[in-house]
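Structure first, commentary second.
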Amino acid sequence: MNRSEPFRPPAPKPKTMAGAFASAFLGARDVLSLLPGSAYETFIGQAPGSKRPIFIVNHPHLVRKVLIDRVANYPKSDLMVGALAPLVGDGMFISAGETWARQRRMIDPAFAHMRIKTAYQQMVAAVDAAETRLDAAAGPLPLDEEMSRLTADIVFRTIFSEPIEGEHASAVFHAFAEYQNSVPQIEPKVMLESPAWAEIEPPKRVKEMCAVIRERLGVMIDRRLASGERRADIAGDVITARDPETGEGFTRDELIDQIAVFFLAGHETSASALTWAFFILSQTPETVARIRKETARAVGDGPIRFEHVRALGYTRNVFREALRLYPPVSFITRIATKDDVLGEQKIAAGSLVVVSPWLIHRHRKFWRRPDVFDPDRHLPGRMTKIASLAYLPFGLGPRVCAGASFATTESVLILASLCRRYDFETLNAKRVMPVGKLTTRPKEPIRMRFLRRAPHPASAAAPAPVSG
Ligand code: HEM
């Protein structure tokens, strides 16, 4: 099936400003469906009707002022901290100032470990396990759940050298699924009604789920500490990490904080991105055909090795384009600690400053055909200067995502592997719609059939030599 029209993946229709506010105050929970049309066109704008000033900053030059040039004046907001603190304590994703700098110093070796070549075999093992599950499925599966299981499995194997099926790992996974369903990145009513530096109290159920996750992670850490075993994985690196300035290690609670950050940041976002990528693939078989052709040319029929991943440029651009259209972190929120001026806009201390990859990636003035799926727009030289500055799925500046290469490598491996093995059919495609939960997720589960293809002949294409 070759389509003549470009594919426009589903997105909520922009509202009028009045409609957006009425819905927010009536308790609508999905912030994506509340965005007014003007938010996709402005460079910087103030949201009316809120208790504290809220600014949407879209222009790439102004975004760089917030996230890079004046980063110390714009720490993570109370909304982001409120949503994540019950899970990650004062862990690296939300900590600030000297606490963050110390954590980063200590955790850098673990990130070095994340540096991917070491983790690649764990990724391959998790993909093999996922294929076994998909082969055994008798009918359609909820795509987002499958992607969460796969990326959680990768992250568990990388942190603890064990798969998701273990007793404690599996309990963490299930509690997390409930947590992510109940915690939005932004609760519109709370955002509009909270004063500056509000203490945001999470719902009781959320706190209970976080307690379960932290308790089980604690058991896994204790087991490792008691065994005295030194394994080459993230848990091992974080346990032995020492502050180069004081020589001190993390306390037990801090260990749980940091491992929880790895678990949260390391799987939820990738699962969101892959869910959207596979949904798009199910609607554009021509994209699947190109991924297969590229994989056959670069890899042949054998295993996809670490060195091959770099040669899969088209597949990587499919992933990049899925991240543009459905950035998992659709809102990066900061709080202004000092009065400032951005462009010509005065920003009072205490204002909420929102940098939204969702809005910026679909901005009418930065992108050609912003709502169209077009992986080739990421080819070198194709993007306008402003579009390339307006692409920030992993954030920017000192707090940029520490796992961007990890996420890209696992995703390219997963896309290429599953495209070789399956055709994809979405049964409820017409009802698919994104909503802003903890990450950008489908409003209702995407029901997907993974149809096993007949193994294709080894002669499909001669394997090309791997070029670095
Ligand atoms: C497609 C997948 C991913 C996306 C879209 C993504 C996105 C982001 C974004 C936007 C931020 C910055 C948030 C802010 O400035 O407020 C961030 C931070 C972070 N990410 Fe990711 N991420 C992904 C995968 C991963 C993975 C696989 C890891 C691995 C462990 C990871 C670890 C982290 C950590 C530790 C931070 C905090 C860094 C700091 O504050 O110093 N992420 N991520």
Side-chain angles (χ1 to χ4, degrees), residues 63-64 66-68 71 74-81 83-84 88 90-97 99-108 110-116 119 122-123 126 147-148 150-159 185-186 233-235 237-238 257-277 316 319-335 353-358 360-361 391-415 438-440:
V63 167
R64 277 162 175 71
V66 175
L67 296 182
I68 304 176
V71 63
Y74 291 100
K76 303 228 171 178
S77 79
D78 39 23
L79 296 175
M80 194 185 255
V81 173
L84 300 180
V88 303
D90 198 16
M92 191 163 65
F93 202 91
I94 54 175
S95 58
T99 305
W100 169 76
R102 168 179 168 265
Q103 291 168 350
R104 200 69 209 238
R105 278 197 302 272
M106 290 174 69
I107 283 188
D108 268 348
F111 278 129
H113 181 90
M114 280 307 251
R115 236 171 276 146
I116 312 155
Q122 307 281 19
M123 295 178 185
M147 290 302 120
S148 292
L150 170 52
T151 55
D153 194 15
I154 290 176
V155 136
F156 252 101
R157 288 171 193 261
T158 316
I159 298 176
Q185 269 177 68
I186 289 186
D233 54 21
I234 298 277
D237 286 347
V238 178
D257 291 351
Q258 304 310 338
I259 297 283
V261 167
F262 280 119
F263 179 67
L264 160 83
H267 95 284
E268 167 66 17
T269 43
S270 304
S272 157
L274 285 163
T275 297
W276 293 109
R316 195 162 47 249
F319 178 60
R320 285 191 181 135
E321 184 66 344
L323 284 177
R324 184 185 71 81
L325 285 161
Y326 298 105
V329 181
S330 45
F331 296 89
I332 296 173
T333 55
R334 299 290 196 258
I335 190 156
V353 173
V354 180
V355 172
S356 166
W358 173 278
I360 296 170
H361 288 179
Y391 184 71
L392 66 162
F394 293 109
L396 283 179
R399 304 303 293 258
V400 72
C401 177
S405 316
F406 184 95
T408 305
T409 302
E410 70 178 335
S411 300
V412 169
L413 168 70
I414 291 167
L415 287 166
L438 187 57
T439 55
T440 307

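As a basis for the values below, the full set of heavy atoms in this structure was taken, side chains included, without hydrogen atoms, waters or symmetry mates. Just so you know, ligand 1 is whichever comes first in the structure, and atom 1 is the first atom listed for that ligand. Residue numbers count from 1 along this sequence.
Considering backbone and side-chain N/O of Arg399, one or more are found under 3.5 Å from N/O of ligand 1. The distance criterion of under 3.5 Å between nitrogen or oxygen atoms is met by Lys76 with respect to ligand 1.
Residues meeting the side-chain hydrogen bond (donor to acceptor under 3.5 Å, both in side chains) test with Arg316, sequence neighbours left out: none. Looking at residues two or more places apart in sequence or on another chain, you find a side chain to side chain contact (heavy atoms under 4.5 Å, CB included) between Ser405 and Ile116.
The Pro393 neighbourhood of ligand 1 comprises atoms 5 (C), 7 (C), 10 (C), with distances under 4.0 Å to a heavy atom of that residue. In summary, the atoms of ligand 1 found under 4.0 Å from a heavy atom of Met80, numbered by their order in the structure, are 16 (O). Atoms of ligand 1 found under 4.0 Å from any heavy atom of Phe262 (numbered from 1 in listed order, with element): 30 (C). Using a 4.0 Å cut-off to heavy atoms of Phe406, the atoms of ligand 1 that qualify are 27 (C). Less than 4.0 angstrom separates some heavy atom of Pro328 from each of these atoms of ligand 1: 5 (C). Distances below 4.0 Å separate heavy atoms of Arg104 from the following atoms of ligand 1: 38 (C), 39 (C), 41 (O). For ligand 1 and Trp100, the ligand atoms under 4.0 Å from any heavy atom of the residue are 39 (C), 40 (O), 41 (O). Residue-ligand proximity, Ile332 to ligand 1, at heavy-atom distances under 4.0 Å covers atoms 14 (C), 15 (O), 16 (O).
At least one heavy atom of Arg334 sits under 4.0 Å from some atom of ligand 1. Residue His267 places no heavy atom under 4.0 Å from ligand 1.
Gln258 contributes a side-chain N or O that, together with a main-chain N or O of Met92, makes up a donor-acceptor pair within less than 3.5 Å.
Closest approach of His361 to Leu323, counting heavy atoms only: ND1-O, 3.5 Å. Val155 and Gly266 get closest at one heavy-atom pair: CG2-O, 3.3 Å. Contact record, Met80 with Phe93: SD-CE2, 4.4 Å, taken as the closest heavy-atom pair.
At least one side-chain heavy atom of Val355 sits under 4.5 Å from a side-chain heavy atom of Leu392. Between Thr158 and Phe262 the shortest side-chain heavy-atom distance does not fall below 4.5 Å. At a threshold of 4.5 Å between non-hydrogen side-chain atoms, the residues Pro357 and Tyr391 do not count as touching. Counting only heavy atoms from C-beta outward, the side chains of Thr151 and Glu410 approach each other to under 4.5 Å.
When non-hydrogen atoms are compared, ligand 1 lies under 4.0 Å from the backbone of Phe394 as well as from its side chain. Residue contacts with ligand 1 for Ala265 involve both N, CA, C or O and side-chain atoms from C-beta outward (heavy atoms, distance under 4.0 Å).
When Ala404, Cys401, Ser272, Ala407 are ranked by how near their heavy atoms come to atom 17 (C) of ligand 1, first place goes to Cys401. Atom 23 (C) of ligand 1 has its nearest heavy-atom neighbour, among Thr269, Val155, Val261, in Thr269.
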